[in-house]
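Here the structure is laid out as structure tokens; the discussion comes afterwards.
Reminder, nothing fancy here: chain letters follow the sequence lines and each chain counts from 1.
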Amino acid sequence: MPVVVLGLNLAFLNQANPFMVSLRKRVHPAGRQNAAQRVSATLEGARTKTTSSELEMALDRSVEKIRKYRLGAKKFAVAYYLLKSEGFGPRKFTIDDLVASPLRSTSWDGVRNFQARNVLLSMQTGDFALFYHSNCKNAGVTGIVEVVKEAYVDETQFDSSNLDAYDSKATPENPRWYAVDVKLQLRLPRPITLEELKQYAVPGGPLEGMLLFTRARLSVQPVRPEHFQFILRQM
DNA sequence: GCCAACGTTGGC
DNA sequence: GCCAACGTTGGC
């Protein structure tokens, strides 16, 4: 199956981060690497001092604290996340739907869990997330998205005609829920399934401690850079 | 479709 | 603030 690249190079090379510029020189001389290899190589070299682990620890803390972590680390770091999307059922939104969306971008609204919301609030433009299909056969990672718009009020919480999204406790003066915009950067050449990832989540394994397994119900979660890189290497 | 895990609500 | 009851997520 061909590797589908959707603006991937630009996404990485446009980072306002001198480290990324030097990566370009390291990644490109080979010239013949396919897109999947380029992603892995770029991430491999990417600075690992990000805030993702701090975010994990901050999960139960306030939004303000999470924001502070991010502000303190911004000049260094791209952070990584995992976003779950229903792969089946009436509310499904798959990688195919994302490909078909205008600009291959979508509003990540409808999050109605406080921890997930707090993680959402910590996202900054230029951060990356694994796009994950849940609730379906062959659950797993199917793509990489980039955050292109930081948290803004999720208007669907005020829509009383939308039974899934409406929150009677939310008002425009005191909104409770937020959304970000993400844009597809890479559709994986093949899905990396939960079944496959699980075997690496054993004690001592490369994915030990990943929130996908320890906090299975969290739909928006930070991912440690080494975990993100490892998963992409499975492509 | 079942059900374990776990988040949320609300009585006390 | 505790915790039982209830609702939801998501793997299987």
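Between A:R176 atom CZ and B:dT8 atom C1' there is a gap of 10 Å when expressed in whole angstrom units. A:L218 has its CG atom 9 Å from the P atom of C:dG10, to the nearest Å. Whole-Å rounding puts the A:Q221 CD to C:dT9 C1' distance at 13 Å. Taking atom CH2 of residue A:W177 and atom C1' of nucleotide B:dT8, one finds them 10 Å apart after rounding to whole Å. Here the C1' atom of nucleotide C:dT8 and the CZ atom of A:F114 are 14 Å apart, to the nearest Å. Rounded to whole Å, atom P of C:dG11 lies 16 Å from atom CD of A:Q199. A straight line from CG of A:N135 to C1' of B:dA4 spans 14 Å, rounded to a whole angstrom. Between A:F213 atom CZ and C:dG10 atom P there is a gap of 14 Å when expressed in whole angstrom units.
The A:R217 side chain lies nearest to C:dG10 when the options are B:dT9, C:dG11, C:dG10. Distance from the side chain of A:N113 is smallest to B:dT8 among C:dT8, B:dT8, C:dG11. Side-chain proximity of A:L194 to the nucleotides B:dG7, B:dT9, C:dC12 is greatest for C:dC12.
Of all the heavy atoms in A:Q234 and A:E196, the pair that sits closest is CB-OE2, 4.2 Å. When all heavy atoms of A:S134 and A:A139 are compared, the closest pair comes out as CA-CB, 4.4 Å. The shortest heavy-atom contact between A:A151 and A:L121 is CB-CD2, 3.5 Å.
Contacts of A:K137 with the nucleic acid, taken as non-hydrogen atoms under 4.0 Å apart, are absent. Residue A:R91 is in sugar-phosphate contact alone, with no base atom involved, counting any heavy-atom pair closer than 4.0 Å across all strands shown. Within the nucleic acid shown, A:Y132 comes within 4.0 Å of sugar-phosphate atoms alone, with no base atom in reach, counting heavy atoms only.
Atom OH of A:Y166 has more than 12 heavy atoms from other residues, nucleotides or ligands within 6.0 Å.
By the rule that hydrophobic residues join a cluster once side-chain heavy atoms approach within less than 4.5 Å of another member, A:V148 and A:L98 end up as members of separate clusters.
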